[in-house]
Asker: 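Before we start, here is the structure in question, set down as structure tokens.
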Amino acid sequence: MRLQNGKQKRNSYMKIKELFKNTFKKIDYNLASNFFGDNHFVQRGGAVNMPNSFHNLLPYRYFDEATNLYINQVDGKKGQEEETVGFLIEATPILGCSEADIDILSNFFNDNLPEGLVLQIINYASPRVGDLLDSWKAPREKEGGVYKDLAEKRIEYLTKGCWKSLFPSPFVVRDFKIYISASLSKSQYNDAENILKKLRVDFESNLNNVNIKTKNTNPSALLSLLDELLNPDINLTHKSNIKWDKLDPINVQACDSESVFEIKHNQLELKDDVVARSFSAKSYPEIWIGSEMINLLGANFRDNLRLSCPFISCLTIEVPNLNKSKNRAILREQILETRSRSQLAKFWKNVDKMARDWKYVKDHIDKGQRLVTAKYNVILLTQKDRIDLEEEKLKAIYTPNNWRLKRDDYLHLPSFLSILPFYINSERFKSFSQCGKTKTVLTWTCTNIAPLQGEFRGAIDQPRVMMLGKRGQPLFWNPYYSPEAGGNYNVVVTGKSGSGKSVFIQDLAASIRGTGGLLFIIDNGESFRNSSTLQGGKFIKIDSDICINPFTMFDWDAMKTASYEEDILNFFTCLVAQITRPITPITEDEKALITLATKR
């Protein structure tokens with residue numbers, strides 16, 4: 001029989017393959033039955049349905065403690081595995097973003113990023129706020145009594161709002177965390193480790209210049225992050241403490257029997273009825289500045305335009321060859337400029353706008369900017385029955401800001417994995433580009449759309465009053481904590497009647513007292529009477545006949561007597577000493593200085 005074309009060849013090949021497959025199945029079954037003699041006990045061949053696991057999908061292999069770099073394996077060219085090396089750092093969110101900050105980061109991206117580098121900036125709104133709240137709770141537990149009870153009740157209430165809103169309008173408690181990863185292929189660079197070590201030092205220095213503090217993320221911290229994302233548990237409020245085993249690959253340690261998932265066309269189903277749904281940026285606003293990225297975390301004044309679930313915003317960029325990208329931009333600009341002026345321009349959709357855009361790109365390249373390939377996506381993590389509602393909120397947040405998001409149907413698994421550090425390399429970037437999930441942009445644009453924004457955390461080292469930001473970030477305020485100014489002890493609370501001034505001051509008083517401080521309150525109106533009684537304080541009511549002014553106790557005409565003057569000096573010395581040193585006594589030298597100052 002003569003085969004006419006390639007399609008017939010392939011059909012014939014598949015038939016022969018299936019024939020051999022069925023034949024060998026029968027041979028295996030007959031051999032087993034004849035050997036053991038019990039046909040009815042022989043289990044016939046069939047596919048075993050095993051649950052999907054993340055084990056073989058994660059790139060992490062080992063960690064080099066000498067260089068603080070991760071060694072990973074990802075899919076390379078022609079299906080061959082490729083070894084990459086990279087670093088991972090955790091950064092504090094930036095508060096506001098000036099043009100100077102954008103210029104600093106943009107210049108770094110222009111001058112320091114090597115060809116072939118894959119850089120990820122991940123902003124994770126984590127529901128695991130337990131460790132942060134424990135730092136506030138610890139001194140109150142030490143003080144004990146009513147302060148311990150108040151702290152436990154407050155934390156119990158707040159932790160109920162990690163996955164579900166505390167109020168009718170959307171409001172959950174979350175901790176914004178920034179992770180930055182960078183990786184290079186070892187097949188492209190023989191000295192990739194040295195390049196990345198230098199890049200990390202330069203990157204941390206530039207981030208510090210814009211008030212972003214950084215620290216290296218060790219394997220135990222990475223495993224905790226992966227466990228939180230791959231094994232979401234709505235009942236856990238603290239980070240998982242997973243100890244890194246140097247002998248086992250990291251991807252094996254990151255997954256267990258619970259790290260399973262099920263792929264649907266419109267979402268990825270994880271454990272405990274939690275689903276992940278991915279969205280990619282289809283188009284970006286024409287005018288955008290980095291300071292507006294905070295608006296994508298939730299509206300500042302509109303309560304309904306906030307997400308009430310954990311979410312991840314991720315920007316991934318790949319640095320192409322400088323000369324190739326520059327020549328491509330020049331050629332593209334010339335072609336579109338010619339088309340826009342031709343008589344056939346009316347048949348090309350948006351050709352004028354495209355010509356202006358590429359002219360803008362070419363002008364900025366001439367000024368020193370670079371072209372990179374960027375991918376921006378958002379992941380929502382929530383329970384299955386709430387995912388559609390959260391999707392509508394997400395679009396309602398992005399659309400007024402002129403961002404257009406598109407759900408990654410049929411691509412939710414690779415899109416979810418793409419927000420994990422080191423998962424994407426150049427080959428996987430090409431795959432996402434073929435699906436229309438990437439965009440060629442300037443480095444200046446990348447710095448403006450980088451998800452580095454977050455909410456203020458306050459004095460984490462010395463927490464006193466705990467408040468919550470409008471987007472759910474716990475923040476701690478301490479009027480005595482100001483490392484640069486040496487402490488600011490003067491506070492003025494203003495507000496209209498009924499706005500909560502007394503409630504806030506009572507919380508401040510309880511916070512100071514609950515952390516071991518002493519408190520004296522002069523209250524006109526007895527607003528603090530119940531609070532003082534609850535905390536075991538003394539309430540002294542002063543009538544009109546009582547005067548507490550110490551200066552009215554003395555006969556100033558008798559000051560001419562030396563003994564009387566000495567008594568007054570001793571009194572004021574003790575008074576000033578008590579004010580300046582309410583807990584520890586003053587030294588003799590300090591007492592002499594106070595006496596001398598009083599005389600003057």
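This structure is a prediction, so every number in the text was calculated from the model and none was measured. Computed over heavy atoms, backbone and side chain alike; hydrogens, waters and symmetry mates excluded.
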Asker: Has the side chain of S165 got a donor or acceptor atom that lies under 3.5 Å from a matching backbone atom of S169?
Answerer: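 Looks like yes, one N/O pair under 3.5 Å.
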
Asker: How about L394 and V378: do any of their side-chain heavy atoms sit closer than 4.5 Å?
Answerer: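 Yes, side chains in contact.
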
Asker: Would W444 and F109 count as a close aromatic pair, with their ring centres under 6.0 Å?
Answerer: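 No, the ring centres sit 6.0 Å or more apart.
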
Asker: With the threshold set at 4.0 Å, does a side-chain nitrogen-carboxylate oxygen contact exist between K395 and E392?
Answerer: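 No, this pair does not count.
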
Asker: So that I know where these two stand, are F108 and F203 an aromatic pair - ring centroids less than 6.0 Å apart?
Answerer: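 Yes, close enough.
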
Asker: Taking atom CD of Q253 and atom CG of L226, what is their separation to the nearest 0.5 Å?
Answerer: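 Reported value, rounded in 0.5 Å steps: 11.0 Å.
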
Asker: A side-chain contact here means heavy atoms from C-beta on lying under 4.5 Å apart; do S308 and K164 qualify?
Answerer: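 No, every pair of side-chain atoms sits at 4.5 Å or beyond.
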
Asker: Does K439 have more than 12 heavy atoms from other residues, nucleotides or ligands lying within 6.0 Å of its NZ?
Answerer: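 Open.
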
Asker: Please check if the side chain of R200 supplies one atom and the backbone of I89 the other of a donor-acceptor pair under 3.5 Å.
Answerer: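 Looks like no, no N/O pair under 3.5 Å.
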
Asker: Against the six-membered ring of F432, is K375 placed for a cation-pi contact (under 6.0 Å from the centre, within 45° of the normal)?
Answerer: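 The answer is yes, since K375 meets both limits relative to F432.
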
Asker: Name the residue from R128, R457, K239, R471 that meets the salt bridge (Lys or Arg N to Asp or Glu O under 4.0 Å) definition with D175.
Answerer: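 Only one of R128, R457, K239, R471 forms a salt bridge (Lys or Arg N to Asp or Glu O under 4.0 Å) with D175, namely R457.
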
Asker: Would you say the side-chain atoms of S135 pair up with the backbone N or O of L132, donor to acceptor, closer than 3.5 Å?
Answerer: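 Yes, the answer is positive, given that a donor and an acceptor are paired below the 3.5 Å cut-off.
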
Asker: Has D64 got a side-chain atom pairing as donor or acceptor with A66's backbone, closer than 3.5 angstrom?
Answerer: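 Answer holds: yes.
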
Asker: Okay, side chain of T92, backbone of K213: is any donor-acceptor separation there less than 3.5 Å?
Answerer: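 Checked: pair present.
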
Asker: Roughly how far, to the nearest 0.5 Å, is the CG atom of L196 from the OG1 atom of T67?
Answerer: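 Reported value, rounded in 0.5 Å steps: 9.0 Å.
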
Asker: W244 and ring-ring contact (aromatic ring centres under 6.0 Å, His included): which partner among F63, Y62, Y60, Y70?
Answerer: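 Only match with W244 under ring-ring contact (aromatic ring centres under 6.0 Å, His included): F63.
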
Asker: I need the minimum non-hydrogen distance between Q120 and C314, along with the two atoms involved.
Answerer: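 What the structure gives for the nearest pair is NE2-SG, 4.0 Å.
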
Asker: Salt bridge or not between E65 and K246? Use side-chain N to carboxylate O under 4.0 Å.
Answerer: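 Counted as a salt bridge, because a side-chain N and a carboxylate O are separated by less than 4.0 Å.
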
Asker: Return the OG to CG distance between S126 and N123, rounded to the nearest 0.5 Å.
Answerer: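 Here the interatomic distance stands at 11.0 Å.
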
Asker: Please say whether the positively charged group of R428, taken as NZ for Lys or CZ for Arg, lies over the ring of Y423, i.e. under 6.0 angstrom from the six-membered ring centre and within 45 degrees of the axis.
Answerer: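 Yes, a cation-pi geometry holds between R428 and Y423.
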
Asker: Rounded to the nearest 0.5 Å, what's the gap from OG1 on T237 to CG on D233? Could you check?
Answerer: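 Those atoms lie 10.0 Å apart.
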
Asker: Answer yes when R277 and D388 have at least one side-chain N-carboxylate O distance shorter than 4.0 Å, and no when they do not.
Answerer: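 Salt bridge present between R277 and D388.
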
Asker: Could you tell me whether D191 atom CG has more than 12 heavy atoms of other residues or ligands within 6.0 Å of it?
Answerer: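 Above 12, so yes.
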
Asker: What's the spacing between W136 CH2 and D131 CG if we round to 0.5 Å?
Answerer: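 Separation between the atoms: 15.5 Å.
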
Asker: Say whether, by atom type as modelled, one donor and one acceptor occur between the side chain of N206 and the main chain of D202 under 3.5 angstrom.
Answerer: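 Judged by distance alone, yes, a pair lies under 3.5 Å.
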
Asker: Quick check: does any side chain N or O of N208 sit under 3.5 Å from a backbone N or O of E204, one acting as donor and the other as acceptor?
Answerer: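 Flag not set: sc N208 to bb E204 has no pair under 3.5 Å.
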
Asker: Assess whether a salt bridge exists between K186 and E193, defined as any Lys/Arg side-chain N lying under 4.0 Å from an Asp/Glu carboxylate O.
Answerer: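 Yes, this pair counts.
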
Asker: Is a salt bridge present between E262 and K264, judged by a nitrogen-to-oxygen distance below 4.0 Å?
Answerer: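 Here E262 pairs with K264 in a salt bridge, since their nearest N and O are under 4.0 Å apart.
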
Asker: Classify the ring geometry between F261 and F54 as parallel (under 30°), tilted (30 to 60°) or perpendicular (over 60°).
Answerer: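 F261 and F54: tilted rings.
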
Asker: For Y124 and L229, which heavy atoms make the closest approach, and how far apart are they?
Answerer: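 Y124 and L229 have their closest heavy atoms at CZ-CD2, 3.7 Å.
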
Asker: Donor-acceptor pair, distance only, cut-off 3.5 Å: does the side chain of D245 make one with the backbone of L247?
Answerer: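 Here the side-chain-to-backbone pair exists.
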
Asker: I need the I312 CD1 to L380 CG distance, nearest 0.5 Å.
Answerer: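 Result: 8.5 Å between the selected atoms.
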
Asker: Closer than 3.5 angstrom, by distance alone: can the side chain of N377 be matched with the main-chain N or O of S280 as a donor-acceptor pair?
Answerer: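 The answer is no, because no donor-acceptor pair under 3.5 Å joins these two groups.
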
Asker: Could you label the plane-to-plane angle of the Y410 and H265 rings as parallel, tilted or perpendicular, counting under 30° as parallel and over 60° as perpendicular?
Answerer: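 Judged by the thresholds at 30° and 60°, the geometry between Y410 and H265 is tilted.
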
Asker: Any side-chain heavy-atom pair from I317 and T373 closer than 4.5 angstrom?
Answerer: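 Sidechains of T373 and I317: no contact.
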
